[in-house]
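One is the number of the first residue; the rest follow in order along the sequence. Atoms within a ligand are numbered from 1 in the order they appear, just like the ligands themselves.
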Amino acid sequence: MKERIYTIPINEAFDKDSECPICICERKLENDALEYAIGPAMMEPDNRIETNKKGFCANHFAKLYNFEKNRLPLALVIDTHMVEQIKEIEDIFKGYGLSSGDENKGPLKAFKNAFFGMKQDGKAIDQLVEKLESLEKTCAVCDKIEHNLDKLIENTLYLYSKEPEFKKKFINSKGFCLKHFKMLLKKAPKALSASSMTEFIDDIVPLELKALKRVQEDVNHFTKMFDYRNQNADWKNSRDAVPRSIEKLSGPCDLKR
Ligand SMILES: [Zn+2]
Ligand SMILES: [Zn+2]
């Protein structure tokens with residue numbers, strides 16, 4: 001049997017009344033990954049090699065900054081990340097015979113361009129743009145979440161197929177956000193047996209459609225409450241329909257609720 005971690009948090013998330021229990025788990029995974037990035041583990045060489053190379057996406061840089069008052073661990077991580085990135089940028093220029101310092105300006109630069117043509121500059125720029133684009137796409141926190149979320153989805157499917165009590169919770173849930181609905185569908189053929197797979201599709205598709213229709217009706221009801229003729233009408237379950245629908249469509253997002 002593969003790792004069966006997260007089965008307790010999965011069970012707990014399904015016990016809660018929410019639009020997507022996997023979103024509850026993903027938020028926890030994100031929190032753990034943020035804590036890890038600037039916790040004691042950040043002093044471990046393996047971890048530092050990773051953060052020096054990948055850095056963080058803008059979203060997670062902001063979350064790390066807002067995470068706690070003590071800025072030292074984050075500063076240490078940023079410091080060595082920047083040293084590595086500066087060196088890589090410099091190396092690209094040097095690799096094309098272009099200096100990254102002042103001596104390459106003015107007449108000498110004009111001479112070099114006349115000698116080598118502008119080709120070297122062009123190539124260096126292409127490689128640098130490529131490097132910066134790949135750096136933009138890497139994030140040590142995103143990668144950790146993605147890795148653990150993958151296992152979590154697999155374990156959810158495992159619980160669904162092996163534990164009748166959990167299956168009951170699954171069927172009686174309010175469905176999932178579209179992101180996690182997709183992840184469950186994508187993983188199911190690999191994680192479930194053929195017979196379990198048929199059952200799973202018969203369960204999850206009607207469950208999800210029912211949930212989407214319910215949320216859409218709540219949003220629709222919300223819009224109708226702005227009609228003066230409905231001044232005294234009942235809001236029913238529509239007061240938080242807008243943020244709830246956004247979360248249903250997008251998965252975990254930081255809405256001010
Ligand atoms: Zn979700
Ligand atoms: Zn990220």
message: As a test of reading the structure, name the N/O/S atom of H60 that is nearest the Zn ion (ligand 2).
response: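 So the atom name we want here is ND1.
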
_Check whether D150 reaches the backbone of E146 with its side chain - one donor and one acceptor, N or O, closer than 3.5 Å._
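No, the answer is negative, given that no donor and acceptor are paired below the 3.5 Å cut-off.
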
**Angle at the Zn ion (ligand 2) (to 10°), with one arm to SG of C57 and the other to SG of C139** =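 Once rounded, the angle between the two atoms at the Zn ion (ligand 2) is 110°.
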
- Task: Provide the closest heavy-atom pair for E247 versus C177 in the form atom of the first, atom of the second, distance.
- Result: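 That closest heavy-atom pairing would be O-CB, 3.3 Å.
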
*asked:* Quick check: F14 with F166 (ring centres under 6.0 Å apart)?
replied: yes

Here the N/O/S atom of H180 closest to the Zn ion (ligand 1) would be ND1

Please work out which of the three classes, parallel, tilted or perpendicular, describes the rings of F61 and H81, given edges at 30° and 60°. tilted

